[in-house]
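Read through the structure below, which is laid out as C-alpha cells, and then see the notes.
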Amino acid sequence: MSKKLYKDVNGYKIEDRFTGLSNDLKIEMLRKMYEIRHFENEAEQFIIRGMIHGTCHLYTGEEATAVGAICAIQSDDYITSTHRGHGHCIAKGADLNIMMAELLGKKTGYSKGKGGSMHIADVRSGNLGANGVVGGSIGIATGGALTCKMKKNGKIVVCFFGDGAANQGIFHSSINIASIWDLPVVYLCENNVYGMSTSVKEAFNIKRISDRKYAYGIEGLTIDGNDLIEVFNTISYFAGRCRTGKGPVLVESLTYRWSGHSKSDAQVYRTREEIKEWKERDPIKRYREILISRKIITEKDDSDLEKEVMNKIQKASEFARESPFPDPSEVEDDVYA
Amino acid sequence: MSKKLYKDVNGYKIEDRFTGLSNDLKIEMLRKMYEIRHFENEAEQFIIRGMIHGTCHLYTGEEATAVGAICAIQSDDYITSTHRGHGHCIAKGADLNIMMAELLGKKTGYSKGKGGSMHIADVRSGNLGANGVVGGSIGIATGGALTCKMKKNGKIVVCFFGDGAANQGIFHSSINIASIWDLPVVYLCENNVYGMSTSVKEAFNIKRISDRKYAYGIEGLTIDGNDLIEVFNTISYFAGRCRTGKGPVLVESLTYRWSGHSKSDAQVYRTREEIKEWKERDPIKRYREILISRKIITEKDDSDLEKEVMNKIQKASEFARESPFPDPSEVEDDVYA
Amino acid sequence: MLKNNARQLTYLEALREAMQQKMRADNDVYLIGEDIAEYGGAFGVTVGMLEEFGSERIRNTPISEEAIIGIAAGSAITGMRPIAEIMFSDFITIAMDQIANQAAKICYMFGGKARVPMVIRTAGGGGTGAAAQHSQSLEAIVAHIPGLKVVMPSCPYDAKGLLISSINDDNPVIFIEHKLLYKNKKYTNSVPEEMYEIPLGKGDIKKGGSDISIVATSYMVQKSLEAAEKLSLEKGIDCEVVDIRTLKPLDIDIILNSIKKTGKLICVEEAPVFGGFMGEVVAQVSEKGFDWLDAPIKRVAGRNCPVPYSLVLEQEMIPGVERIEKGILDLLG
Amino acid sequence: MLKNNARQLTYLEALREAMQQKMRADNDVYLIGEDIAEYGGAFGVTVGMLEEFGSERIRNTPISEEAIIGIAAGSAITGMRPIAEIMFSDFITIAMDQIANQAAKICYMFGGKARVPMVIRTAGGGGTGAAAQHSQSLEAIVAHIPGLKVVMPSCPYDAKGLLISSINDDNPVIFIEHKLLYKNKKYTNSVPEEMYEIPLGKGDIKKGGSDISIVATSYMVQKSLEAAEKLSLEKGIDCEVVDIRTLKPLDIDIILNSIKKTGKLICVEEAPVFGGFMGEVVAQVSEKGFDWLDAPIKRVAGRNCPVPYSLVLEQEMIPGVERIEKGILDLLG
Ligand SMILES: Cc1ncc(C[n+]2csc(CCOP(=O)(O)OP(=O)(O)O)c2C)c(N)n1
Ligand SMILES: Cc1ncc(C[n+]2csc(CCOP(=O)(O)OP(=O)(O)O)c2C)c(N)n1
Ligand SMILES: [Mg+2]
Ligand SMILES: [Mg+2]
C-alpha cells in the first residue's frame, strides 16, 4: 500500500491508499456503482409497473458512499444498513438475482419474500441488514462491534445511517457506549440533505453532523460523499484506526438523494434546480472520468462495462420475475429460529 | 440590578447579580438550603424507622444547585425535576407539610399518597414534577418551553437532570429540537459524580458534559454546583438569555451526592475519603460563611435560622405522621382527569 | 348518525376537517410530527394545513419520536392541546416510555393535579406491502396501560366525530387510523359539516342482525360488513356487526346486548391473535355474558407472525373477508 | 421436580447460579446492564460476578436502555449470547423499538437467516412502594409480539431451570423476575447443583386439586398457593394451582386438562386486568374448553390504575390472598 498522503484535514493525515490499488479493484468499484445505479433503475421500473407490493427507497446518486466505504473494509467485516439499503447490500457483495427476487416478494429472495426492500439482508456477506426504523440499526451495529471486540476477531463494523437518523435517541446512547468501550465502529452518516421532506437545515442547528463527535470524545470528519476516492481513502484510514482498538469514529458523507423519498413523494420541499445541481455532481460520472483520464479504462471499456452490468440486471430481473411466490402455508415459518 | 461582572468565562460575561440582591433574599436562600438539608435528614430518619414504604433519593450535599438555580428564575417559571426531587420541590416553594405527608403516603400529600417521593410535584408552583424514569422529564421540560414560546408568556423552564440522564436518548432528541426551535429551556445537568454506582468517568469519554452543547449548536458552561453564588449568577445570566428568545442552554453543575444512591446502597463503588473531601465542600457551610463574613448575618442569626427551620421540619413531620392514609376506595380515582 | 346530509368525505378528509375546525376554534390546539408541514404527512392527512395555520402551529420535527411525545406531553400539562402524529404506529415503540410511563401516568401520579390533554394520531395496520416494521396493529399494547384512551375509527363519519372528542378530552388519547381507509373511495360516507362529537366509550352497531354478533375494530369492521353482506345474500345468515370504535373505554354493554340477541360471538381484529385486544373482549363477555352464549367465542385475527412483505404471505397473515366468513360458518356449525 | 436434594436456595441465588454456570460453560455468554458490576445489580442478583468474570463479561453500562438492548441484539446476531439486565421492567418501554421491532423480528424479516439468542432479564411487579414507574407488570405487552418468548418464574427451582433454557434458546426471551421473590426466605426451595433445563412452553401444576383450577403467574402463584391452602384448611375446597411459567409459548394443554377435571377456572395476575395477559388464557379456554366449563371464567388481577405509592392503596391495587380467596368463593357460588 502506498503511504502517500491523500489529505491532511483537521490534522488527520489520510493516506492515499486508492492510487496503489490494482486496476482490477478500481474498475470493480466502478462496476459496483453501475450495478447499484441500474439495479435502482430497474426497481423503479417495477414500482412504476406496480410489480412491487410496498415501497422502495432508491439509492441513486449516493453510490460513491456505499461503494467507497465498503471497498475500503475487509470482505468479512460487518455493515448495518438502512431503509435505503440496496446500495449497501450490493456493495457488500450480495447476489443481484436473489436481491431482485426479494424485492418482488419471491421465495428465492434473501428473506424468502418475508422482508422485501426495507429489510434486505445478506448476513453471510456480513450485511446485518437494512432496517425500516430510522436509526434502528445503530444499536445493532454497536453490538456487532462488541462481538468483534470480545471475540478479538479483528473485524470492524461500518454503520450506515441517514442524516435523519442522527436525531434519534439511539444514535446518542449507542455512540456514547461505543466510545467508552472503544468499540470498532465507523458510524457513517449519509447526509443526503433530506430526511424525507425535512432538510438538514431545518433539523439541525449545527453545520456539520460530524461535529457531534465532540459529544462523545471520538474522532470524525465530514467528506465529499460523491467522490469515491475521498470516501475510500477516508474510510480506509478510519477503519484502520478502529481496527487498532482506538474506538469508534463518526464520518459524515455529503451526498444527495436524486429520487423522491419513496414512491409517493411529490417533492414539493425542494427545487428542480437543486436536484439538477446535484445531478451534475454525479458520483459515477466523476469517478469514470478519473479512471479514463488516468488511462485505467477507455471510453469503450466503460461503456462495455455498463452494458455488461445492464445485462446482469436484466438477468436478475428475469430471475426475479420467473421465481415462484412463497406458499401461504409458510407464513408462520421463521418467526422463531 | 448590578451590572458588575461576576465572571468572564469562555467569553460569557456573567454579571454579578447576587451582590445587589436584598439581604432578605440572600438569607432566604440560606433558609431554603437548610430546609432541604433538614427535610432530607428527617426523611432519612423515616427510612431508618421503616416509615417510608418505598425508597427515597436524598438531595443532601447538592442544595446550592437547586436553590441557586431556582432563586435565579421567576416564581412563575417552570421546572422539571428528577427521582432526587425533594430539593427542587422545596426550592420552588412547595409546602413542607404537604411534601412530608406525601412521603408517608398520606391523603394530605401533594399527590394524595399516590405519587410518593419519586413523583413529588407541585404543579401550581410551576414544578412539573419529579420523575422516576432517568431522563424521563427532559422531553416534558422541552414541551413546557414550547408552551411558553407559543403562548408568548415570557416564562422559561429549568430542566434538572442527572449526569446519568445525559446518556439517555431523550436528552439528545429533545435538546436538538429545543435548539432548532429556540425554546427557552435551561438544561441543568446535576453532575454529582455518579449515576447510582456508575461514575461519570466510566459513563462518559468527555471531560465536561456541557461540551455536548456542540452537538446542538447551543450555549453552555460547567460551573461549581456547590457554590450558591456561582449557580445563582450563571443561571440568572442564561435564564435571561433564554427569555430573550435565544434558545436553550446546557449548564453542568458540579456537585456531589453525600448519601448512598437510595436506601439499599452499600456504596462499594466509592471511598470514604472521596465522600469526606466532598463534605468539606459543603455548599451550606460555604454560603453561610460568606454571609457571615459579608456581615449579612451573624453566627447567632444563622443558628437561629437553622433552629427555626428544624422546628418547621418537625412540624411537617408531625403533620405528616398525624395525617390519615387515603382510603382504599380511592385507588382508581385520578387515573383520568 | 347525527345528520344524514349528502356530503361524502373520505376518511382522510374527515380527519383533516376535524383538526382544521378544532384549530380554528381553539388556539391551544397545534400539530407536531414528522413531515406534516410541506409534505402534508406521509399519508397526506395534513396537506394544506401549513398554509392555513403556519409553521408555529404545524410543527414539523426531526425524526425523534420520543421527543415528539415528550414535548407534546409537556406542552399539554402547561396548557396546550397538542395533536402529535407518529407516522406509523410501529414507531410508538420508540416513544413508549413517554406514552406509557409519562403521559398516561402523570394525572394519577400527581393525584389528579395535572392533566395531559393530548392526542397521538398514528397510522396502523397492514395490507400495503410495507412489511414487519410498518404494518403492525399495536392497539393491545396501549389499551393495557391505565391512563390512556384508545380510539380506532372505521369510517369517515366516526373518524371526524371521534377525533373531535379526542381533542376535547383532557387525557392522552391514542388515535389509530388505518392506512387502507385514508383515501379509499369505497368507504366514504356522509359527514356533517359542523363540528360534532362521538363520545369515547360508545360502540356502534354498523349493521343489525340476529344470528351472530361480530365484534370488530378499524378496517376489520369494513371487512366484517362485507362478509356479513355476502353471507346474507348467499346463505341468508343475519349477522350483527358491532364496531367498538374505542377500545378504551370499552363499551361492553353494546356487545352484551348484541349477544343477548344472537347467543354467538365472533371477534375480528387485524393484530396477531395471541395476546391481542380481543382477549379482553372475550374475557369480559365470558365473565358477564356466559349464560347468553350458546357456542364458544371465536377469534378471527392476524396470524402469530410479524407482517410479511410478499403479497401472498401478507394476505395470509391478515384476516380477509373469506377468513371471517369461514369463522362465522364454523361457529354456526 | 428433577431431583429433590436438600440444598435450599433463594430465587436470587438460583438465578445467579444459572448465569454463573452458563458463563463458565460458554464464553459467548455475557452480561450487560446498569449497575451490574461492583454494585451487583439493583437487587443484588449479580453480586460477585464481576469478581469471577471480570469487566469484559460483566458489562456495566451508562443509563441507556435502548442502547443496551440494541447492543445485545447486534452482538447476538454476530455470535454472542447476551444476557441484558433492565433494572425495572418499566424501562423496557425505553427499549421497546429494539425489543419489539428489532430483536423480535430479525429472524423473520431475514427469512430465518439470522438468529438472535438473547435474554432480557428484568424485575417486574409491585409491592415495594416504588409507585407507578417502578412497579409495573408489563408482560402482556411483550407476550403479544411475535418473535419473543416470555418467561416468568415463580420459585427458585423454576428460576434456575428456566433461565438456563432461556440462555440456551436461540430467540429473544423476556425473562421477568419478581422483586418480592428475590431474597424471600419464605419461598426458597431445593435447587439441584447441576445445570438443568425446564423447557419453555411447559406449565407446572404447583398443587393438584379437583374443585377449581387457578391459573397464575409469577408471584401470584405463591399468593394463589396460600389462598388454596387456606381454603383447603378452612373450607375443604380443593384447588388446583397451575403455574404457566412461560406466557409465550403458552402451555394451553395443562390448563385445559386441569379444567377438564375441575370445570372451573380462575385466572390470577398482578397486572391491571384490562387488556392483561389472562385475556389470552380466557380466550383460548373459551375456544377450546367451552364444553368443560360449568361456570364463567373469573379474573382476579390488578385494578385498572397505575401502581400507587401509599401502602394502603398499593395493597388495594395488587391482588392479595384475600382477593383470590374471595374470587374462588364467588366462583364456587
Ligand atoms: C423511526 C422512524 N420514523 C419515521 C420513519 C419514516 N421514514 C422513513 S425514511 C425517513 C427519512 C429518513 O431520513 P434519513 O435518515 O436522512 O435517510 P434517507 O431517507 O435520507 O436516506 C422517514 C421519516 C421511519 N421509517 N422510522
Ligand atoms: C430509565 C431508568 N433507568 C434506570 C433507573 C434506575 N435508577 C434510578 S436513579 C439512577 C441513577 C441516576 O443517575 P443520575 O441521572 O446521575 O442522577 P442522580 O441519582 O445521581 O441524582 C438509576 C440508574 C431509572 N430510574 N430509570
Ligand atoms: Mg437523509
Ligand atoms: Mg448523578
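This one's a predicted model, so the numbers in the text were calculated from it and none came from an experiment.
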Q: Kindly write out the residues that satisfy side chain to side chain contact (heavy atoms under 4.5 Å, CB included) with Val47(D), not counting sequence neighbours, or none if the list is empty.
A: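 By the side chain to side chain contact (heavy atoms under 4.5 Å, CB included) rule, Val47(D) matches Arg16(D).
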Q: Identify which part of Gln315(D) has an atom lying under 4.5 Å from any heavy atom of chain B, answering side chain, backbone, both or neither.
A: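 Contact with chain B is absent: no heavy atom of Gln315(D) under 4.5 Å.
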Q) Between Ala42(D) and chain B, which part of the residue has a heavy atom less than 4.5 Å away: side chain, backbone, both or neither? A)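 Backbone plus side chain of Ala42(D), per the 4.5 Å heavy-atom cut-off to chain B.
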**Q.** chain B contact residues among residues 87-99 of chain D, heavy-atom distance under 4.5 Å
**A.**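 Within residues 87-99 of chain D, near chain B: Met87(D), Phe91(D), Ile94(D).
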Q | Within residues 121-140 of chain D, residues adjacent to chain B where the heavy-atom gap is under 4.5 Å | A |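 The list, in residue order, reads Gly127(D), Thr128(D), Gly129(D), Ala130(D), Ala131(D), Ala132(D), Gln133(D), His134(D).
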Q: Indicate whether any N or O donor in one side chain lies under 3.5 Å from an N or O acceptor in the other, for Glu332(B) and Asn304(D).
A: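 No.
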Q) Can Glu66(D) and Gln168(B) be counted as having a side-chain donor-acceptor contact under 3.5 angstrom? A)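 Checked: Glu66(D)/Gln168(B) side chains show no N/O donor-acceptor pair below 3.5 Å.
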Under 4.5 Å from any heavy atom of chain D, what part of [X] do you find: side chain, backbone, both or neither?
X: Val331(B); result: both
X: Gln267(B); result: neither
X: Asp334(B); result: neither
X: Asp327(B); result: backbone
X: Met118(B); result: side chain
X: Lys112(B); result: backbone

**Q.** Side chain to side chain, Pro62(D) and Thr198(B), heavy atoms closer than 4.5 Å
**A.**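 Pro62(D) does not reach Thr198(B) side chain to side chain.
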Q | Flag side-chain contact, heavy atom, 4.5 Å: Met196(B) against Glu34(D) | A |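 Result no, sub-4.5 Å side-chain heavy-atom pair not found.
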Q | Residues of residues 252-263 of chain B with any heavy atom under 4.5 Å of a heavy atom in chain D | A |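 Within residues 252-263 of chain B, near chain D: nothing under 4.5 Å.
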(Q) Determine whether a donor-acceptor pair (N or O, by modelled atom type, separation under 3.5 Å) exists between the side chain of Ser64(D) and the backbone of Asn167(B). (A)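 Yes, the answer is positive, given that a donor and an acceptor are paired below the 3.5 Å cut-off.
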Q | Most chain B-contacting option - heavy-atom pairs closer than 4.5 Å, from Pro308(D), Cys305(D), Gly40(D), Pro306(D) | A |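 Between Pro308(D), Cys305(D), Gly40(D), Pro306(D), the count favours Cys305(D).
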Q: Can you see which heavy atom on Leu104(B) is nearest to which on Tyr309(D), and at what distance?
A: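 Answer, listing the atom of Leu104(B) first, then Tyr309(D): C-CE2, 4.4 Å.
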Q. Does the pair Ser197(B) and Asp35(D) meet the rule for a side chain to side chain donor-acceptor pair (under 3.5 Å), with working shown?
A. CA-CA 6 Å; Ser197(B) 71; Asp35(D) 302 291; 2.6 Å; yes
